[in-house]
Amino acid sequence: SDEKEHLVIGVSQCSDDEWRTQMNREMLREALFYPETEVKIRSAKDNSGIQIEDIETFIKERVDALVVSPNEAETVTPVIEKAFDAGIPVILVDRKIHSGKYTAYVGADNYDIGRRAGFYIVNRLHGKGHVVEITGLRGSTSAEERHRGFMDALAESPEMEVVARADAGFFQQKAEDKFDSILARHKDIDLVFAQNDRMAIGAHQAALKCGRQKDMLFVGIDAVSGEGYGVEKVASGELDATFIYPTSGDKVMQVVMAVLEGKPYDRDTKLQTALVDKSNARVMEMQTEHIFELDKKIEYLNKKVDAYFLRYSSQRMFLYACIVI
Ligand code: FRU
C-alpha cells in the first residue's frame, strides 16, 4: 500500500511574540513538504506551569516527536525527561534544559551572542563607559548564557563599568518600567544592552519620555524584520545595533523529520548570528521582504498541488467505480 504513517509533532513554545510567530510559521510551512505530518503548537505564555501541562498533554497524546523551547530550565526539565523516557524524541529549540535527556538541540549559541554583543559594545564606547544591562527571564538558559558571554567580553576592559542591571523577563513594558527607575538613579549612562530587542525598545521608550534618548545608545538581540521590530528600529536609528537570533523553524522541522525517518542528524545544530547595524539594516529589511514574498508563493503552490491531488484521486475513484460496475 502507498499509505504513509500519520505523524503528529507537538510543539511547546514558552512564549508568544513575533519572534515565535515567525518560527511557528516556518515550521508549519516546512511541514507542508511532509504530507502525512501534523504539527500541533501550544504556547505556555511565559508560564512554566502551563508549559508542564502542555507537555503532559503531548505525552498523553503520544505524539511522535516533541519540539520544545523550555521557559525556565530548572522547572521544565523533569517533564521533558519524562517525555524522553517515554520514548518520544525531544528536539530542544532556542533554550535548553539541565539534563542530557534530549534527542537534539537546534539554536544559536547564546553565550557567543552575548560575547559578541559585549565586544561590539566595548568597541563602540572605545573601551570606556557606563553600561546598563537589561536581562531576560531569570532561569532561562538564553538569558543566563547571554549574560555570561557579555560579562566575559567586558572583563577584558577594566574601564567598562556595568552601573545597573535589571531583570525584565524579555518583556518590553517591564523593561520600560525598570529603566524608568534606573534613569532616575543614574545621570551618566552611555549605553543600554538589552538581551532582546523588545526590551531595548522599551528602554529607549523610557529614555524618550525624559528626553535622554540621544545621550545613550541601545543595543539588542533578535533582529526581527517588519514594522516596529528590531531591524526597522536599527534602520531608523532608535537602536544602535542588534544581533540576529535566527528563528529557523524550517531547519527545526528538518531535524525532526530526520530523527523520525531514521536519517542522520546533528545532535547540536548551531545557527549563525550576525551584527545588524545602520550599515546593513535596510539591506536586511529588503532581503527579508523578498523572502516573505517567496514564502507566500510556496504556500500558494502547495495549495494548488493539494487541489490537483484531490482532483486526481477523485478521478481515480470514478475510474475504479466504472471498472467495478
Ligand atoms: C522570544 C524571545 C526572544 C529571545 C528569546 C530568548 O520569545 O524572548 O526575544 O531572543 O526568546 O530565549
Side-chain angles (χ1 to χ4, degrees), residues 11-27 41-48 50-51 54 67-77 80 91-98 102 105-117 133-150 166-176 178 192-204 218-226 228-234 239 241-249 252 269-276:
V11 177
S12 168
Q13 288 285 15
C14 52
S15 187
D16 223 354
D17 49 65
E18 189 57 22
W19 189 88
R20 305 239 168 235
T21 301
Q22 193 173 310
M23 183 185 194
N24 291 344
R25 225 188 286 131
E26 290 159 350
M27 281 191 287
I41 302 176
R42 286 173 171 268
S43 167
K45 302 197 162 24
D46 309 284
N47 181 322
S48 300
I50 295 180
Q51 185 161 44
D54 285 347
V67 174
V68 51
S69 178
N71 194 46
E72 295 156 300
E74 195 69 37
T75 323
V76 187
T77 294
I80 294 178
I91 289 78
L92 300 177
V93 296
D94 149 50
R95 305 181 189 178
K96 298 180 187 157
I97 49 173
H98 293 157
Y102 63 90
Y105 170 75
V106 181
D109 178 340
N110 280 299
Y111 174 82
D112 179 58
I113 293 181
R115 227 166 75 97
R116 280 175 192 242
E133 186 190 19
I134 303 190
T135 51
L137 178 68
R138 177 171 301 139
S140 70
T141 58
S142 47
E144 277 164 8
E145 289 167 4
R146 285 173 192 184
H147 170 71
R148 256 195 312 116
F150 174 66
D167 176 354
F170 289 126
F171 300 117
Q172 180 163 333
Q173 187 59 53
K174 207 164 172 189
E176 184 176 333
K178 294 260 171 123
V192 181
F193 169 53
Q195 286 187 358
N196 72 0
D197 291 343
R198 273 182 296 159
M199 296 191 295
I201 293 166
H204 179 268
F218 298 85
V219 174
I221 295 173
D222 276 351
V224 169
S225 284
Y229 303 116
V231 176
E232 194 209 44
K233 297 289 184 188
V234 172
L239 301 189
T242 179
F243 288 79
I244 296 178
Y245 192 53
T247 46
S248 301
V252 172
T269 299
K270 194 165 154 191
L271 304 174
Q272 296 303 307
T273 185
L275 170 71
V276 178

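Indexing begins at 1, ligand by ligand and atom by atom, following the structure's order. Owing to the predicted nature of the structure, the values given are computational and were not obtained by experimental measurement.
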**Message:** Under a 3.5 Å threshold, yes or no: a donor from one side chain and an acceptor from the other, between Asp54 and Ser12?
**Reply:** no

**Asked** Where is the tightest heavy-atom contact between Pro246 and Gln272, given as atom of each residue plus distance?
**Response** CG-O, 2.9 Å

**Asked** Among Met27, Gln51, Lys45, Arg42, whose side-chain contact (heavy atoms from CB on, under 4.5 Å) with Gln13 holds?
**Response** Met27

**Request:** Find all atoms of ligand 1 within a distance of less than 4.0 Å from any non-hydrogen atom belonging to Tyr245, and give their numbers and elements.
**Result:** 5 (C), 10 (O)

**Message:** For ligand 1 and Arg95, I'd like to know whether there is a polar contact (N/O to N/O, distance under 3.5 Å).
**Reply:** yes

**Which residues share a salt bridge (Lys or Arg N to Asp or Glu O under 4.0 Å) with Arg115, sequence neighbours left out** = none

**Message:** Can a side-chain donor-acceptor contact be found between Glu26 and Thr247 if the only test is distance below 3.5 angstrom?
**Reply:** yes

**Complete:** From the list Phe170, Phe193, Phe171, Phe218, side-chain contact (heavy atoms from CB on, under 4.5 Å) with Met199 holds only for Phe170

**Asked** Is any N or O atom of Gln195, backbone or side chain, closer than 3.5 Å to an N or O atom of ligand 1?
**Response** no

**Asked** Of all the atoms in ligand 1, which lie at a distance below 4.0 Å from a heavy atom belonging to Asp222?
**Response** 3 (C), 4 (C), 9 (O), 10 (O)

**Side chain, backbone, both or neither: the part of Arg146 lying under 4.0 Å from ligand 1 by heavy atom** = side chain

**Request:** Report the part of Arg198 in contact with ligand 1, treating N, CA, C, O as backbone and CB onward as side chain, heavy atoms under 4.0 Å; options are side chain, backbone, both, neither.
**Result:** side chain

**Message:** Closer than 4.0 Å to some heavy atom of Asp17 - which atoms of ligand 1 meet that?
**Reply:** 1 (C), 7 (O)

**Asked** Is the closest heavy atom of Asp94 to ligand 1 under 4.0 Å?
**Response** yes

**Item:** Subset of ligand 1 atoms that lie under 4.0 Å from at least one heavy atom of Ser142
**Value:** 6 (C), 12 (O)

**Message:** Looking only at protein heavy atoms, which one is nearest to atom 11 (O) of ligand 1, and what is the separation?
**Reply:** Arg20 NH2, 3.0 Å

**Request:** Using atom types as modelled and distance alone, determine if a side-chain donor or acceptor of Tyr245 lies under 3.5 Å from a backbone N or O of Gly107.
**Result:** no

**Request:** Using the salt bridge (Lys or Arg N to Asp or Glu O under 4.0 Å) rule, take Glu18 and Arg25 through it: C-alpha gap first, then chi angles, then the decisive distance, then the call.
**Result:** CA-CA 10 Å; Glu18 189 57 22; Arg25 225 188 286 131; 3.7 Å; yes

**Asked** Near Asn196, which atoms of ligand 1 are under 4.0 Å from a heavy atom of that residue?
**Response** 8 (O), 9 (O)

